[in-house]
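The chains referred to below are lettered A, B, ... by the order of the sequence lines, with proteins before strands, and numbering in each begins at 1. Treat the numbers as computed from the prediction; the structure is a model and nothing was measured. Basis for what follows: all heavy atoms, side chains included, without hydrogens, waters or symmetry-related copies.
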Amino acid sequence: MGKNQNEFVKEITPQGEDFSQWYTDVIKKADMVDYAPVKGCMVIKPYGYRIWELIQAAFDKRFKETGHQNAYFPIFIPESFFCKEAEHVEGFAPEVAWVTHGGGEGLPERLAVRPTSETMVCAMYAKWIQSWRDLPVLINQWCNVVRWEKATRPFLRTTEFLWQEGHTAHATAEEAEEETRRMLDVYAECVEGTLAIPVLRGQKTEREKFAGAVRTYCIEALMRDGRALQAGTSHNLGQHFAKVFNITYLDKNDQLQYVWQTSWGVSTRLIGALIMVHGDDRGLVLPPKVAPLQVVIVPIGPAGKREAVLARARQLHQELQAICRVHLDDREEYTPGWKFNDWEMRGVPLRLEIGPRDMEKNQVLLVRRDSGEKCAVAQDDLAKTVQDFLAEIQLLLFERARRFREDNTHQVADKEEFDRVMENERGFILAAHCGEDSCELHIKEQTGATIRCLPFTAEPVSGRCVYCDRPAQQWAYFARAY
RNA sequence: CGGGGCGUAGCGCAGUUUGGUAGCGCGCCACGCUUGGGACGUGGAGGUCCCGGGUUCAAAUCCCGGCGCUCCGACCA
């Protein structure tokens, strides 16, 4: 037994001391990633990748339910394709990786390693779409993309990352807009319902929107250090790409028309959000729906009773396998205390302890990761209790995060208060804004805060801009962002 | 891309000021003993001191140049 029996293991820097260090400690201690030998690149290890698989499954299910099909497009994009849409090139050019050689020879045309696939998809859609009967085209792909970033952090911003990108083509502007909004709602549902992360929905300003889009909608989440994280974006591309890639169809009146397009994406960044929304000083805290292991069984077997305890643990393991993702940690080389700490750092929602004392009473001990609460449960009620606890933890984590966001969202009426909040409390600021780009930029320079989104609110805005005193045009959520 | 910090065994570090041929803790391997919040003993394995040049009889240590990680800003899922 350790010498400091009333202290938990201090492998992780407390959040309050250094949030960035805490984040780095957690991803390492939870065994989610390792740094790769290439700058800005990470290996997603099995435990981290399993989380991604669970996230993927939840989103993919909803994509299919909303009529989308998966496909795969090439990773290499000819430079000439990439350069067609002016705003798009300008936006992405600084972070594109180029392939100049193949098979030992120089290529006649450079190939971009996709930073996003709009141009490749559009080139193909131009071939595939002829008639109004071909529409809509609703395709998604799960893939990797590369963006040559200057500052990288595991999951939050890496040179290569995994994501999904939906690309759709429609006959009308209305349909495209409807699709853009529908997928934003799908994102919000999945992120809130599965990752237990509350999000704000809204529209990006011109400054923040996707390069080449008419409009960008987004979901924004608040991290525990008071900074915002863009968790997903959905773009209405209008006819910008259709016109330069010549994606046309004959409508019912025999008229040649350009299609209307959308694209939308979420990435492995969601895992970063998961860590920073739910995690605590003991490590990761995973919502049951995305936890690789929902229950871990730790048998406590002193000499003489070990076999009996283990046998019972195996039986429980088998029973629980029918209802959840459960693991029996029967390693002999670690003490129970060591295992408790280890699985807590990895964020497993429920721990089941079984020892001689429990055997006598025909019970087990369930310990919740979210609250630390210990609860003796009769073995007969185990399956039901585990299911109830997992469901409860899922909801409770969402509630807790929602309350945190509410407590850290400030409606602000004037510049002084704006500055004070950004200086001290951080979080979201809801304020009236003039809608001027120059003012938005000024706020960013003064406070570090950007407009995260313009909420879809029915409330009319009146009065003056929170920062420049011009007449207000819109409500805006501000925050310092990742 | 600017500014700071760091790079020595798998991890965390000492050694660098003042050059002399590498050490500690944890982990790892073997055996024993243990198991209700990171046990203990004995023995053992493990190092291009980030990389490349230079100075020197001699470089982890001094000089020059790279690379990587990290934090803070500018640009971005």
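- Between A/R201 and A/E220 there is no salt bridge, since none of the side-chain N atoms of the basic residue sits less than 4.0 Å from a carboxylate O of the acidic one.
- The salt bridge (charged side-chain N to carboxylate O under 4.0 Å, His left out) analysis of residues 224-238 of chain A, with sequence neighbours excluded, yields no pairs.
- Residue pairs satisfying the ring-ring contact (aromatic ring centres under 6.0 Å, His included) criterion with at least one member in residues 193-226 of chain A, sequence neighbours excluded, are listed as follows: A/H88-A/F210, A/F92-A/F210, A/F210-A/H235, A/Y217-A/F456.
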Protein and nucleotides 2-9 of chain B: nitrogen or oxygen contacts under 3.5 angstrom:
none

Taking only nitrogen or oxygen atoms into account, show me every contact under 3.5 Å that the protein makes with nucleotides 72-74 of chain B, one pair per line with its distance.
| unit_1 | atom_1 | unit_2 | atom_2 | d |
| --- | --- | --- | --- | --- |
| B/rG73 | OP1 | A/R480 | NH2 | 2.6 |

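- The residues A/E206 and A/K209 are annotated as salt-bridged, a charged nitrogen and a carboxylate oxygen being separated by less than 4.0 angstrom.
- Remark: A/Q230 engages A/K204 in a side-chain hydrogen bond (donor to acceptor under 3.5 Å, both in side chains) (not counting sequence neighbours).
- The phosphate of B/rA39 (OP1 or OP2) has no side-chain N or O of A/Y334 nearer than 4.0 angstrom.
- A heavy-atom distance below 4.0 Å to RNA chain B is reached by none of the residues of residues 200-223 of chain A.
- A salt bridge between A/E192 and A/R402 is absent, with no side-chain N of the basic residue lying under 4.0 Å from a carboxylate O of the acidic one.
- We find that the ring of A/F161 and the base of B/rA77 stack, their centres lying under 5.5 angstrom apart and their planes tilted less than 30°.
- The salt bridge (charged side-chain N to carboxylate O under 4.0 Å, His left out) check on A/R314 picks up nothing, with sequence neighbours excluded.
- For A/K39, there are no salt bridge (charged side-chain N to carboxylate O under 4.0 Å, His left out) partners two or more places apart in sequence or in a different chain.
- One finds no salt bridge joining A/R181 and A/D185 here, because no Lys/Arg side-chain nitrogen approaches an Asp/Glu carboxylate oxygen to under 4.0 Å.
- The residue among A/T159 and A/V38 whose nearest nucleotide of RNA chain B lies closer to the 5′ end is A/V38.
- Between A/E425 and A/R420 a salt bridge is recorded (basic side-chain N to carboxylate O distance below 4.0 Å).
- Under the salt bridge (charged side-chain N to carboxylate O under 4.0 Å, His left out) criterion, A/E436 pairs with no residue, sequence neighbours left out.
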Just list the side-chain donor-acceptor pairs under 3.5 Å for residues 94-101 of chain A, sequence neighbours left out, or say none.
none

Protein N or O to nucleotides 44-46 of chain B N or O, pairs below 3.5 Å:
none

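- Listed by chain and number, the residues in a salt bridge (charged side-chain N to carboxylate O under 4.0 Å, His left out) with A/R369 are A/D280 (sequence neighbours excluded).
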